Every structure is written in C-alpha cells, then in structure tokens.
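Report on one structure; see the data block that follows.
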Amino acid sequence: MIAKIIYQELEKLCEEAQKEGILPEQVKKRFQVEPPKNEAHGDYATNIALSLAGQAKKNPRELAAWFAERLAFRQDLFEKVEIAGPGFINFFIAKKYWQRVPLEIEKAGENYGALELGAQRQIQLEFVSANPTGPLHIGHGRGAAVGDTLARILAMAGFNVQKEYYINDVGRQMQILGRSVYLRAKELKGENIDFPEDHYRGEYIKDIARALLETKPDFFNLPEEEAINLAKEFAVKEILDGIKKDLEDFGVTYDVWFSEKILHEETYIEKALSFLREKGLLYEKDGAIWFKASEFGDEKDRVVIRASGEPTYFAADIAYHYHKFLVRGFDEVVDLWGADHHGYVPRMKAVIKAFGLKEEQFKVILIQMVNLLEGGRLKSMSTRAGEFVTLRELINEVGKDATRFIFLTRRADSPLDFDVELAKKQSRENPVYYVQYAHARLASLFRKAEEAGITPPKANEVDLSLLKYPEDFAILKLLDYFPDTIEAAATKFEPHLLTFYLLDLATALHDYYTKYRFLSEDLAYTRARLVLAKAVKQVLKTGLNLLGVSAPERM
RNA sequence: GCGCCUGUAGCUCAACCGGAUAGAGCGUUGGACUUCGAAUCCAAAGGCUGGAGGUUCGAGUCCUCCCAGGCGCGCCA
C-alpha cells in the first residue's frame with residue numbers, strides 16, 4: 001500500500017506544481033512507483049521527474065529535487081528520499097511504517113487486501129461455456145481456473161461480479177448428439193449399427209443411452225424423430241449435470257447458467273438485429289442478411305441470417321451480448337475464450353461498438369492451449385479409451401488444489417505444458433505444496449505455542465520494533481504489497497500475478513523460518529514474531545482462497 | 001497470401017501502461033537437521049532476451065523488416 005500512498009502524494013504535488021507554474025497546465029501524468037531491482041535504490045522508486053521533464057521542458061534532476069524536497073518531511077513514511085541517476089527519486093521507507101503493517105492486517109482480518117477499485121460496478125465474467133456434448137477436458141479446466149479466480153479477485157477489488165456459463169444448446173451439434181445417443185441405444189437393444197464417423201463416439205454416449213433406456217423403457221415406441229428429440233434432451237441434461245458436478249468439485253460455481261434457447265424463444269435475436277437495422281447497419285446481399293462489421297474495424301462484413309433464413313451462430317452471439325449489456329445492464333463484460341477463437345474477437349468488438357458502447361466495456365481474455373505431458377513426453381489429446389484428458393480425471397488423479405494452482409502459474413495467453421507426473425509429485429517441483437506448506441508450518445507453530453502455554457498476542461500488545469532484521473522487513477514489505485498485487489491482478493485481468501506473489505511470500509517465510517526462531521526463551525521476541533507469523537498466515541490464507549486452493553492446517 | 005499470439009539460462013516460466021546491474025523454480029555441482037514441520041534452507045555455475053535496423057536520457061517491453069513455432073481467416077459452432 002505504501003506504493004499507492006506515494007503515488008497519491010505525487011499526484012497532489014503535480015497539481016501544486018501546476019499552480020506554481022512548474023508544470024504546464026496540460027500535462028500527461030504518466031509515472032510509476034515501483035520497487036527497484038537494486039536494493040541500493042531504496043524500497044520504492046519513481047520515474048515521475050523523468051516522465052514529466054520532457055513535457056515541462058525542465059531538467060529532470062531539478063524537477064526530481066522539487067518533488068523530493070516536498071516529500072522528505074513526511075518522516076512517518078520516509079527515512080530518506082534521494083535523487084539518483086538521470087532523475088529517479090528513491091524512497092527509503094521508515095522502519096516504523098513497515099512495522100505497523102501487522103496492525104493493519106489484524107484490523108482487516110480476512111478483508112486485508114480488499115479494495116474499492118470497482119466501486120461495486122456490475123461486471124460479468126463468462127467462462128468455460130463448453131458445448132453440452134461431452135465432458136469437460138483439460139483445456140476447459142484452465143478456463144475454469146482462470147475465470148473463477150479472476151472473479152474472486154475482482155470481487156475482492158470491489159466489483160460486483162457475476163459468473164456465467166453460456167450453454168450452446170441449439171443447433172446442429174445438438175441434433176447429432178441426440179442421434180448419437182439414439183443409435184447407441186439401438187445398439188444396446190441388439191441392433192447392428194453402422195455408427196457414423198461425424199457422430200459423438202465417446203464411451204459416455206453409451207452410458208447415457210443405457211441410463212435413457214432405464215428411465216424410459218418405452219423409448220422405442222416413439223416415432224424416430226420424437227425419440228431422437230427425447231434422446232437429445234436427456235443427453236443435454238445428463239451431460240450438463242456432469243459438467244456442473246465437475247466444476248463444483250473443481251471449486252467453481254456459477255451465478256447464472258444461460259441457455260442459448262432463450263435467445264431464440266424470447267426473440268432476442270430479432271430484437272438485437274432490429275436494433276442494428278434501425279441504425280442502418282444491416283443489409284441484404286445474395287439472399288442473406290449482413291452486418292456491417294467492417295465499419296467498426298473488422299476486416300469484412302458478416303452474415304447474420306443465412307439465405308435459408310436461419311440465423312448464424314454469430315447472430316445468436318450478437319443477441320447474447322445485446323442481452324448482457326442492453327437488457328441486463330452490465331457495465332462491463334469479460335468473455336474468456338479459447339485462443340483458437342481469436343479471429344472472432346474483432347467482429348464481436350464491432351458489435352459492441354455498433355451497440356454504441358465503449359470498447360473498454362467489453363474485454364476478451366484468450367486462454368491458450370494446454371499440452372498434456374506425461375513424464376516429460378507429449379501425450380496426444382485424442383479421446384481414445386484410457387487417455388487422461390478429462391477434467392474429472394485430473395481432479396481425481398492430481399487433485400483440485402494442484403490442478404488449479406498449476407493452471408494459474410502461467411499468463412493465460414501463454415501455452416501451458418501440464419505434466420501429470422509432475423503435478424502428482426509432492427515436492428518443490430510442484431509449487432502448490434510450497435505455498436501450502438508455508439501455511440501448514442505456521443499452523444503447526446501456533447499449535448506448538450499453545451502447547452507451551454503461549455497465547456498468541458494482539459498486534460498492539462507487542463513491541464513491533466523488535467521486527468528489525470532484514471528478513472523481518474522482507475516479509476513486512478511483501479505483506480504491505482498484497483493489496484497492490486490484488487489491484488494489479490484485477491486491473492490487468494492477470495490472476496497469475498497473485499500466484500507468483502504467494503510463491504514470493506512463502507519463500508520469504510521459509511527463509512525466515514530457517515534463520516530465526518519464532519518460539520524462544522525471549523518472550524518479547526516470541527510475541528512480536530508470533531504477530532508477524534499470524535499476519536503471514538492470514539495473507540497466505542486469503543491469497544490461497546482467492547486461487548480456490550485450500551490452506552491446510554496440516555499436510 | 002493476410003491477421004493474431006509466442007520466441008528470455010540446458011528445461012519450465014517471471015519481469016507491474018519503456019526504467020537503473022534481466023529474476024525465480026527445476027536440473028547440475030557443493031553444503032545445512034540432538035531445538036518451532038528438511039514438502040525446507042544456503043552457495044556456485046548458467047544470458048548478445050530468435051536476428052537486423054529504428055524511435056530516446058533509457059528498449060526484453062514501442063515501430064519496421066526478416067527467421068522459427070502455434071492458431072485463425074465459412075451463409076460452421
């Protein structure tokens with residue numbers, strides 16, 4: 001949080017500088033406050049003078065001196081403020097400031113890190129949204145982990161978040177699903193079937209057919225078309241139930257399961273298209289209806305109604321986003337898509353602009369591929385029997401915690417190699433245990449303290465100035481940085497930043513643990529360090545919760 | 001052919017709207033447990049950030065071109 005405090009102080013000074021004519025009235029206030037790589041450059045540094053010098057036509061070092069002079073008197077915050085290099089301002093934070101951090105954490109408890117950044121704006125996150133034609137696979141798992149964690153982080157940052165799953169339960173693939181089940185059912189009855197190549201061939205289809213015959217013994221008395229329809233309805237429900245169960249066991253729940261059918265049945269497609277038509281953005285050509293996507297940055301216009309009169313998938317998506325923004329009134333909408341859909345982004349953005357919305361209100365996060373490895377070897381992703389590809393198998397074999405954590409150790413838009421053997425290992429190669437172990441170690445510490453008859457003290461009851469060694473400050477600084485991490489992860493939509501933060505905090509804790517004793521003969525130190533330990537434990541727990549990973553008391 | 005993403009240590013990845021000497025883990029080598037959990041810690045070695053230009057006080061980051069890999073370019077979903 002100190003970074004934020006400094007930032008705000010500098011902003012105030014900018015206004016002052018403008019009044020005094022040191023900075024021009026029109027000035028772009030673009031500058032950063034960040035921890036420098038080199039410790040000798042202080043705890044935090046800012047490039048404000050370098051960034052503004054050009055605009056102000058001033059010498060950067062002189063400008064830096066102007067800012068530095070006006071901040072140095074804040075002795076509650078700074079031990080030293082110096083100018084360095086071409087015009088950086090380096091801040092050496094007062095030890096007292098760091099030592100107060102445990103007080104803040106104790107006061108806020110599990111809300112430490114909560115922000116008002118979102119000002120309770122309505123934001124919708126749509127993710128996974130796999131077609132209900134089969135079980136979720138490893139790639140969906142990544143989308144689920146990223147989407148769900150992002151939702152938790154955004155909520156922490158003060159947004160009113162709604163999580164949604166879009167069910168594509170309309171269209172040809174649904175018909176094929178129905179037929180697949182229907183044919184498998186016939187097979188079960190003893191008929192010899194030549195199963196079509198383009199139908200769903202997975203084992204789960206047979207299971208569904210079996211269940212169908214059990215619940216509807218008179219199934220084959222229906223006319224074929226009706227039977228296929230029934231098979232379709234039955235299969236969608238079965239598969240969707242399975243998907244819901246898988247996600248639930250993966251720690252992911254949704255606020256809304258949105259059926260594509262609604263868009264057709266409640267005429268949102270017509271509504272959305274007439275909205276565009278009134279703006280003159282639709283036209284007819286070759287018997288089809290086109291949307292003028294090229295007027296909004298897409299490379300070409302796109303068909304929304306086929307010559308056959310059928311709406312395209314794109315039309316349904318237009319209607320879906322019409323519903324999100326103009327019917328339900330979300331301020332911001334975030335879609336998580338597989339990276340193979342990236343070509344679709346410009347046309348969807350075109351729709352948003354055509355609706356008269358701001359481009360920033362709609363964000364697409366692309367989730368890159370997951371390559372499945374076993375013992376370092378790339379496994380094929382075919383759905384052959386025995387292949388280890390479904391999310392369910394991953395949860396069962398590897399576990400929810402390790403799976404989620406691994407998915408969050410990469411930026412979403414970078415491809416991920418998922419090594420099953422490695423994910424199962426309980427060693428440093430598997431980073432989830434590193435963080436969990438830090439938490440369990442602290443839990444154990446408090447059990448030990450209790451055994452020794454020491455009640456963990458309140459932060460205001462101990463002498464926090466005893467937290468004065470480099471390793472104390474390393475931890476305190478990281479704890480202070482937790483809210484900044486939440487902010488960065490939320491504004492950049494990058495949940496992996498939190499994962500890396502937790503690894504850093506765990507490292508600092510493990511390091512401390514081997515160098516110092518928490519429980520010792522010296523009661524004053526013992527009490528101060530228990531306060532520190534409690535603060536670390538709280539932040540680890542909050543952080544792990546945000547990742548949807550458990551924070552075990554023992555392991 | 002056009003567009004998007006990626007290219008950083010042997011391997012897997014970081015690097016916060018351009019910041020100071022590019023950081024971790026794994027692996028390798030060598031070390032640390034009679035004391036709070038060794039699922040831990042410490043140290044060493046390891047780099048022309050794919051290549052070439054450019055922009056500026058300053059580039060892994062921005063621009064142009066090239067190379068390599070992935071993906072996308074339907075009246076499919």
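Sequence lines set the chain letters: A, B, ... in the order given, protein chains first and strands last, and positions in each chain run from 1. Bear in mind the structure is a predicted one, so any value in this text is a computation, not a measurement.
The stacking criteria are not both satisfied for His342(A) over the base of G72(B), which would need a centre-to-centre distance under 5.5 angstrom and an angle between ring planes under 30 degrees. Ring stacking holds between Phe88(A) and A20(B), with the centres under 5.5 Å apart and the planes within 30 degrees of each other.
Nucleic acid contact for Asp298(A): none, since no nucleic acid atom lies under 4.0 Å from a heavy atom of the residue.
Side chain of Thr514(A), nearest nucleotide from G19(B), U40(B), C42(B): U40(B). Distance from the side chain of Leu445(A) is smallest to C36(B) among G37(B), C36(B), A14(B). The side chain of Asp413(A) lies closest to U6(B) when the candidates are U6(B), G37(B), C73(B).
Distance, Asp417(A) CG to G70(B) C1': 12 Å, rounded to whole Å. The nearest whole Å value for the distance from the NE2 atom in His510(A) to the C1' atom in G25(B) is 13 Å.
Nucleotides C11(B) and G7(B) have their C1' atoms positioned 15 Å apart, rounded to a whole Å.
The pairing partner recorded for G25(B) is C11(B), the criterion being a Watson-Crick or G-U wobble arrangement whose two distances lie under 3.5 angstrom.
Nearer the 5' end of RNA chain B, as judged by each residue's closest nucleotide, is the contact made by Ile89(A), out of Pro311(A) and Ile89(A). The 5' end of RNA chain B is approached more closely, in terms of each residue's nearest nucleotide, by Ala84(A) than by the other of Ala84(A) and Tyr512(A).
With hydrogens and angles ignored, no donor-acceptor pair under 3.5 angstrom links the side chain of Tyr344(A) to the base of C4(B).
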